[in-house]
Amino acid sequence: VPHDQTLFEERHLCYISPLGKGNFGCVELCRYDPLGDNTGELVAVKKLQHNKGSNLEDFQKEVKMLSVLHCDYIVKYRGVCYSMGRLSMSLVMEYLPYGSLNGYVWTNRHNITTRRMLLFSSQICKGMEYLQTQRYVHRDLAARNILVANELLVKIADFGLTKVLPFDKEYYRLSQPGQSPLFWLAPECLNENKFSHKSDVWSFGIVLHELFSYCDNSINPKRLCLQEIGENVQGTSLSMHLANMLASNWRLPAPPRCPLQVYSLMKDCWTYDFDKRPSFSDLSKKVENMIQDDR
Ligand SMILES: CC(C)(Nc1nc(-c2c[nH]c3ncc(Cl)cc23)ncc1F)C(=O)NCC(F)(F)F
């Protein structure tokens with residue numbers, strides 16, 4: 001085991017409750033309690049599904065990717081826990097007590113200000129800016145994959161679909177359509193399975209829409225797109241319908257009472273031509289300016 005990985009001994013990892021099912025496995029809340037007196041820290045432990053060969057490899061890649069990320073706006077990797085000899089491993093991450101952003105925003109929708117939403121948005125941009133410096137493309141940026149550390153801090157999580165850009169290309173082409181949820185995907189992902197920092201920018205625009213819709217499921221991106229497609233989805237696949245709508249310049253409508261400049265920022269992220277979309281550093285600056293103006 002590389003010496004830099006923090007090793008958690010299985011016998012001190014005490015299961016508390018399930019947190020949810022992510023890409024590649026389930027995540028559980030545990031207390032790492034080597035003293036056995038309940039004073040140990042709470043951690044989120046992502047167990048690898050029964051080790052199907054490829055999954056173990058992919059899982060080890062996810063562990064490796066997460067272990068080198070050091071950013072205030074990205075969920076912290078704590079280490080690994082081996083069990084059954086070396087046959088099974090788990091990824092140990094910091095536990096964020098306020099849960100995922102979509103649940104938090106909906107639950108607190110009556111007392112979250114525009115200002116706090118803009119603060120969360122700028123933190124997501126900064127986390128994505130950092131990922132870009134590591135040439136990581138997240139591919140699954142969505143409010144459900146952002147965690148809330150406290151009332152004033154959110155972090156990007158769930159790197160199960162993340163890819164590292166090759167040294168010589170600014171995009172990653174998937175061999176076949178991946179499992180990213182369609183309604184968060186840029187046109188070039190739907191049409192050519194091409195993923196890049198600019199397709200993550202498109203998804204960030206969808207996250208802005210989720211946030212400023214207070215993560216109200218009745219107007220979530222999937223619901224609004226399916227409404228537009230109409231119930232009679234025959235033959236042509238859903239992704240083709242969606243790609244056609246985007247090509248004819250349909251976009252998600254402004255959320256109710258959404259500040260105009262926030263909606264216009266979403267539209268910038270949804271520029272059809274990925275080269276013309278803003279970068280995460282452009283977006284960070286624009287959001288920071290909005291926070292200043294919002295005083
Ligand atoms: C699959 C899993 C467990 N789902 C959930 N995690 C947490 C949850 C709550 N606190 C957490 N602290 C750390 C981690 Cl890794 C997850 C949680 N809360 C609710 C979830 F559905 C997850 O990983 N979701 C992606 C994430 F939200 F993390 F972006």
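In listed order, ligands and their atoms are each counted from 1. For clarity, every value in this text was computed on a predicted model and none was experimentally measured.
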Discussion item. As a check for students: among Val43, Val75, Asp140, Leu147, identify the option with a heavy atom nearest to atom 14 (C) of ligand 1.
Written reply: Leu147
Practice prompt. Classify the contact between Asn145 and ligand 1 as side chain, backbone, both or neither, using a heavy-atom distance cut-off of under 4.0 Å.
Written response: both
Fill in: Geometric N/O contact Leu96 with ligand 1, under 3.5 angstrom
yes
Worksheet item: Does Asp158 come within less than 4.0 Å of Arg139, counting only side-chain N to carboxylate O?
Response: no
Discussion item. Side chains of Tyr98 and Glu151: any donor to acceptor distance under 3.5 Å?
Written reply: yes
Discussion item. Under a plain distance cut-off of 3.5 Å, with no hydrogens placed, do Ser213 and Asp216 share a side-chain donor-acceptor pair?
Written reply: no
Discussion item. Please list, in number order, the atoms of ligand 1 under 4.0 Å from a heavy atom of Val27.
Written reply: 1 (C), 3 (C), 23 (O)
Worksheet item: Which of the atoms in ligand 1, numbered in the order shown and given with their element, are less than 4.0 Å from a heavy-atom of Gly99?
Response: 9 (C)
Worksheet item: Hey, do the aromatic rings of Phe195 and Tyr172 have their centres closer than 6.0 Å?
Response: no
Worksheet item: So how far is it from Cys189 SG to Arg173 CZ, rounded to the nearest 0.5 Å?
Response: 11.0 Å
Worksheet item: Is it the side chain, the backbone, both or neither of Lys46 that has a heavy atom closer than 4.0 Å to ligand 1?
Response: neither
Worksheet item: Relative to the heavy atoms of Met93, which atoms of ligand 1 are at a distance of less than 4.0 Å?
Response: 15 (Cl)
Discussion item. So, 4.0 Å and heavy atoms of Glu94: is ligand 1 close enough to count as a contact?
Written reply: yes
Worksheet entry | Element-labelled atoms of ligand 1 that are located less than 4.0 Å from some non-hydrogen atom of Ala44 | 13 (C), 14 (C), 15 (Cl)
Worksheet entry | Phe159/His138 aromatic ring centres below 6.0 Å | yes
Discussion item. Can you confirm whether the side chains of Glu210 and Trp184 place a donor and an acceptor under 3.5 Å from each other?
Written reply: yes
Discussion item. So if I count the atoms of ligand 1 from 1 in the order they appear, which ones are less than 4.0 Å from some heavy atom of Ala157?
Written reply: 26 (C), 28 (F), 29 (F)
Worksheet entry | Ligand-residue contact atoms, ligand 1 with Tyr95, heavy atoms, under 4.0 Å | 10 (N), 11 (C), 12 (N)
Discussion item. Taking 4.0 angstrom as the limit and counting only heavy atoms of Asp158, give me the atoms of ligand 1 inside it, by number and element.
Written reply: 25 (C), 29 (F)
Worksheet item: Are a donor atom and an acceptor atom from the side chains of Thr162 and Glu62 found within less than 3.5 Å of each other?
Response: no
Worksheet, complete the sentence: side-chain hydrogen bond (donor to acceptor under 3.5 Å, both in side chains) pairs touching residues 107-121, sequence neighbours excluded, are Tyr104-Arg116
Worksheet item: Relative to the heavy atoms of Lys21, which atoms of ligand 1 are at a distance of less than 4.0 Å?
Response: 1 (C)
